[in-house]
Amino acid sequence: MPRNWIIAAALAGASWSSIVDAKVTAPAGSKVFRLDGNGVTYALGVDDKGYLQPLYWGAPLGADDALVAVDPARANEPVMVKAPGELSGFDPAGSVTPQEYPGQGEGLVSEPGIKTVFADGNRDLVLKYRAHHVEGETLVVELADIRRPLTVTLRYTMDPETGVIGRSATVRNGDTRPVRVDQIAAAVFTLPVGDDYRLHYLTGRHAAEWTQKDVPVTPALTVLESRRGSTGHGNNPWFAIAREGKTSEESGPVWYGALAWSGSFRISVGQDNLGRVRIAGGYNSYDFSWSLKPGETLDTPVFYAGFAGDGIGGASRRFHDFQMRRILPDGERAKLRPVLYNSWEATAFNVTEAGQAALAQKAAAIGVERFVVDDGWFGARDSDKAGLGDWTVNPRKFPNGLKPLIDRVKALGMDFGLWVEPEMVNADSDLYRAHPDWVLNFPDRPRTEGRNQMVLNLARTDVRDHLLTVLDKLVSENDIAFLKWDYNRNWTEAGWPEMPVEDQQRVYVDYVRNLYHILAELRRRHPTLEIEACSGGGGRIDLGILRYSDQVWPSDNTDPADRLIIQDGFTRAYAPAVMMAWVTDSPNWANTRVTSLDYRFLSSMQGSLGIGANLDHWGDADVATARKWVAAYKTIRRTVQRGRLYRIAPPQGDDATAATMYVAQDGAQGVLFQMLHASMWRDNPAAIRAEGLDAKRTYRVSVLGGGKLPDGVPVQASGAYWMERGLRAPLKGDYVGTAFVFEAVK
């Protein structure tokens, strides 16, 4: 079966023998199309006035189910969707017709797919169906304005295993004069009329990312956006829509999606004037316009979206699976994330060859597999006030270059990584002194600094090519396996004064496109190089950057209790396979909370394990504890990183207990983490029921890291037993935890 397939066929008079045999079809005379994936049907069609209408999106329908009523007396005529008429003088037909991708015209009062201004000042854009065809595994539908030579091409793909739809749009100006595009979405999705929809989204701020919110969907538009030039900490470009009273963690309908874009974005959710729910997402229209030259096209990012009938948890697992197979570099062939050590908290900017070598020795002794030197190894970098932009090794700190340290790290059985922040520059740097015009700026306006740095204008091809050259040289001349790619401020003065005035706002698109170009080309030239996406933690995590990143840094906040909440929010949208989680020092810098080393490891082992503590401060007992947990993690790593996630008791509200379970894709192993926030005398917590095991298989249970099973817990039992009866961990105290491993008995 091909990796992606589309069914595009008449819903009357056509049938398919089975899902396995499904393919792209578009029978002559039909203008009703259907896409089917595992557990999902999506349908659209052209009405009798030429509008492209959404027809259905949800649980799978039968192959012969017709979504368009057919008059038996006229059964031999082509199937056509009926367009609504005028509702009233206040609601003309154009405003009440549900359009798959509407132009801003003909009385439209809901969110448009695209808004334009023609050269003569006309702002009315009415898009109607012109043609469709199939390109391999992609359905392509072309819309055109009713008068002007402007077209929009829509593309649809569907993943057969998860039913995730990929939608994007391309606008083309066929006129002899420019057309200004003021707003453009990748897609507009529609759900049926209902007053019980609730929107779930993720928000926050630096060091407090991934906060979960949910609000009712109403005619008052909810807008998730970033105006920062990057994805931002404030709102992530992900959504989920559930039905109140019908949807829970493990049951009920959920529609979800995420925009694959790492720049300023906008996703709007609200009811239209007839109560239908509409979701539109694409480039943020704030401070954006694009002068589309004659014959020029503008492509949107891809907006991925899906449906699940098994609740919020089911939606997450489907989307995780889709990301791991379709988005992440190398897909199903991707390596498991190695246990990583990062030197930042140990040395900050005081980086020396001898000091890093000593840390590497200690890291290797506890089982670390990747050693990363953080900020401070390059240029005149003794603080955050100088050196950014000068990506050459500091000769005072590394008199013989990086090779002696890299050789030492590799001799200890680890690979070597470096921290970089290529998109930024300090005023006190050789690069800025040579090219002050290379930063985002408006002439005669301040050049605002954040963290003592400015943003290089990657939209410029000379800046793009320079960065690619210096990074390629750095990796080529050193045995570097990994780059931690950071981005520590947002945009101000987003000017591009070298461009004509009408083209200066292209910076919001061209910057991100050139970022992707650098990452893609760097990976092409160095196929074994791995990259971590970081932006002061979770400030730039999205499906766009994940195409070029093997892992991400969700938050600078490494407090283990806070991290449980952060990680719970993160995994609503993104796969644990990429989620780095570090064990750092106590008290934690973020909130001065004191926690045990055991608790810190158990929190971090629920993602891709890293260590960022100052190993120079560890005693023998700490080293022994770390060695035990690192070894234990390696026995469950595949299940945690590539398995199915079940949120049994999310770390929310006043609940004392949090419980999370990971189950291997083949069901052979499960890992149940139970974390206690606080306890009172004579607490009598309920048993925690496992989830996701095979009810008919027998599983042997053990305590991760060794130790005695709690009284009354059998050594082995059926999956049904563990999921129905569960087990109790008699945890006492504050900030304590344990983990149970379930191994299928052969």
Side-chain angles (χ1 to χ4, degrees), residues 2-6 35 37-38 40 137-138 155-168 186-187 202 210 230-231 236-240 255-263 265 267 281-282 299-308 314-337 485 512-513 515-524 527 529-535 538 540-554 570-580 607-608 640-645 665:
R3 278 299 189 187
N4 293 295
W5 47 262
I6 305 291
L35 298 82
N38 185 9
V40 181
E137 300 164 350
T138 302
R155 290 178 173 82
Y156 298 78
T157 62
M158 181 174 276
D159 177 46
E161 285 89 351
T162 63
V164 171
I165 304 162
R167 286 187 56 185
S168 62
L202 297 165
W210 312 105
S230 65
T231 314
N236 192 267
W238 168 89
F239 76 90
W255 294 263
Y256 60 91
L259 188 67
W261 183 244
S262 306
F265 72 90
I267 295 175
D299 298 326
T300 72
V302 179
F303 200 166
Y304 293 101
F307 169 82
S316 292
R317 289 188 290 275
R318 276 179 176 261
F319 212 25
H320 295 169
D321 183 53
F322 172 76
Q323 292 164 29
M324 288 187 289
R325 290 184 298 99
R326 305 293 185 209
I327 299 295
L328 302 182
D330 300 322
E332 294 172 303
R333 303 185 307 276
K335 291 167 37 181
L336 296 177
R337 296 295 84 220
W485 188 296
V512 179
R513 287 178 173 176
L515 169 64
Y516 292 162
H517 172 85
I518 295 170
L519 292 167
E521 184 62 16
L522 202 58
R523 296 189 71 106
R524 187 192 69 80
L529 180 68
E530 296 181 358
I531 295 172
E532 176 180 294
C534 174
S535 177
R540 192 167 63 189
I541 296 175
D542 53 78
L543 295 186
I545 206 73
L546 282 176
R547 283 206 175 274
Y548 310 99
S549 307
D550 303 272
Q551 60 192 54
V552 298
W553 182 232
F570 178 93
T571 58
R572 302 278 162 168
Y574 301 108
V578 299
M579 182 179 71
M580 290 303 299
S608 296
V640 170
Q641 294 184 17
R642 309 291 289 192
R644 303 187 302 272
L645 170 63
Q665 294 291 342

Could you check Ile531 against Tyr548 for side chain to side chain contact (heavy atoms under 4.5 Å, CB included), going step by step and ending with a plain yes or no?
CA-CA 7 Å; Ile531 295 172; Tyr548 310 99; 5.8 Å; no

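- Ile541 and Pro554 make their closest contact through CD1-CA, 3.9 Å (heavy atoms, listed as atom of the first residue, atom of the second, distance).
- Side-chain atoms of Arg337 and Gln641 form no donor-acceptor pair, as typed in the model, at a separation below 3.5 Å.
- In this structure, Tyr304 and Thr162 have side chains that are not in contact, with every pair of non-hydrogen atoms separated by 4.5 Å or more.
- Salt-bridge check for Arg155 with Asp299: failed, with every basic side-chain N at 4.0 Å or more from each acidic carboxylate O.
- Put simply, the side chain of Phe265 does not reach to within 4.5 Å of the side chain of Val512, judged on heavy atoms.
- Checked against side chain to side chain donor-acceptor pair (under 3.5 Å), Thr571 has no partners two or more places apart in sequence or in another chain.
- In terms of heavy-atom proximity, Met158 sits nearest to Gly163 at CE-O, 3.7 Å.
- With contacts defined as side-chain heavy-atom distances shorter than 4.5 Å, the pair Val164/Arg318 does not qualify.
- The two residues Met324 and Ala577 have their closest heavy-atom pair at SD-CB, 3.8 Å.
- For the pair Phe319 and Ala573, the tightest heavy-atom approach, listed with the atom from each and the gap, is CD2-O, 3.5 Å.
- Residues meeting the ring-ring contact (aromatic ring centres under 6.0 Å, His included) test with Phe239, sequence neighbours left out: none.
- With sequence neighbours excluded, the residues that form a ring-ring contact (aromatic ring centres under 6.0 Å, His included) with Trp553 are Trp582.
- Closest heavy-atom contact between Ala260 and Tyr516: O-OH, 4.2 Å.
- Atom-to-atom distance recorded for Glu137:CD and Asp159:CG is 10.5 Å, nearest 0.5 angstrom.
- For the pair Ser262 (side chain) and Gly544 (backbone), a donor-acceptor distance under 3.5 Å is absent.
- The distance from the CG atom of Asp330 to the NZ atom of Lys335 is 9.5 Å, given to the nearest 0.5 Å.
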Let me see the working for Val302 and Arg547 under side chain to side chain contact (heavy atoms under 4.5 Å, CB included), right down to the final yes or no.
CA-CA 12 Å; Val302 179; Arg547 283 206 175 274; over 6 Å; no

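- The heavy-atom pair separating Arg642 from Glu332 by the smallest distance is NH2-CA, 3.7 Å.
- Once rounded to the nearest 0.5 Å, the distance linking CG of Leu519 with OG of Ser549 reads 6.5 Å.
- Side-chain contact check for Phe570 versus Val578: some heavy-atom pair is nearer than 4.5 Å.
- Within the 3.5 Å criterion, the main-chain N or O of Gly331 finds no donor-acceptor partner in the side chain of Arg326.
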Evaluate the criterion side chain to side chain contact (heavy atoms under 4.5 Å, CB included) for residue pair Trp210 and Asn236; output intermediate values, then yes/no.
CA-CA 8 Å; Trp210 312 105; Asn236 192 267; 3.5 Å; yes

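- For Asp542 and Thr231, the side-chain atoms include at least one donor-acceptor pair closer than 3.5 Å.
- Side-chain contact between Ile518 and Leu515 is absent, with no heavy atoms from C-beta onward closer than 4.5 Å.
- Once rounded to the nearest 0.5 Å, the distance linking CZ of Arg644 with CZ of Arg317 reads 8.0 Å.
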Arg572 and Tyr256: CA distance, side-chain angles, deciding distance, side chain to side chain contact (heavy atoms under 4.5 Å, CB included) verdict
CA-CA 10 Å; Arg572 302 278 162 168; Tyr256 60 91; over 6 Å; no

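- In this structure a side-chain-to-backbone donor-acceptor pair under 3.5 Å is missing from Glu530 to Asp550.
- Leu546 has its side chain within reach of Tyr574: a pair of non-hydrogen atoms, C-beta onward, lies under 4.5 Å apart.
- From Ser168, atom OG reaches atom CG of Leu259 across 11.0 Å, with rounding to the nearest 0.5 Å.
- Atom CG of Leu328 is separated from atom CZ of Arg333 by 12.0 Å, given to the nearest 0.5 angstrom.
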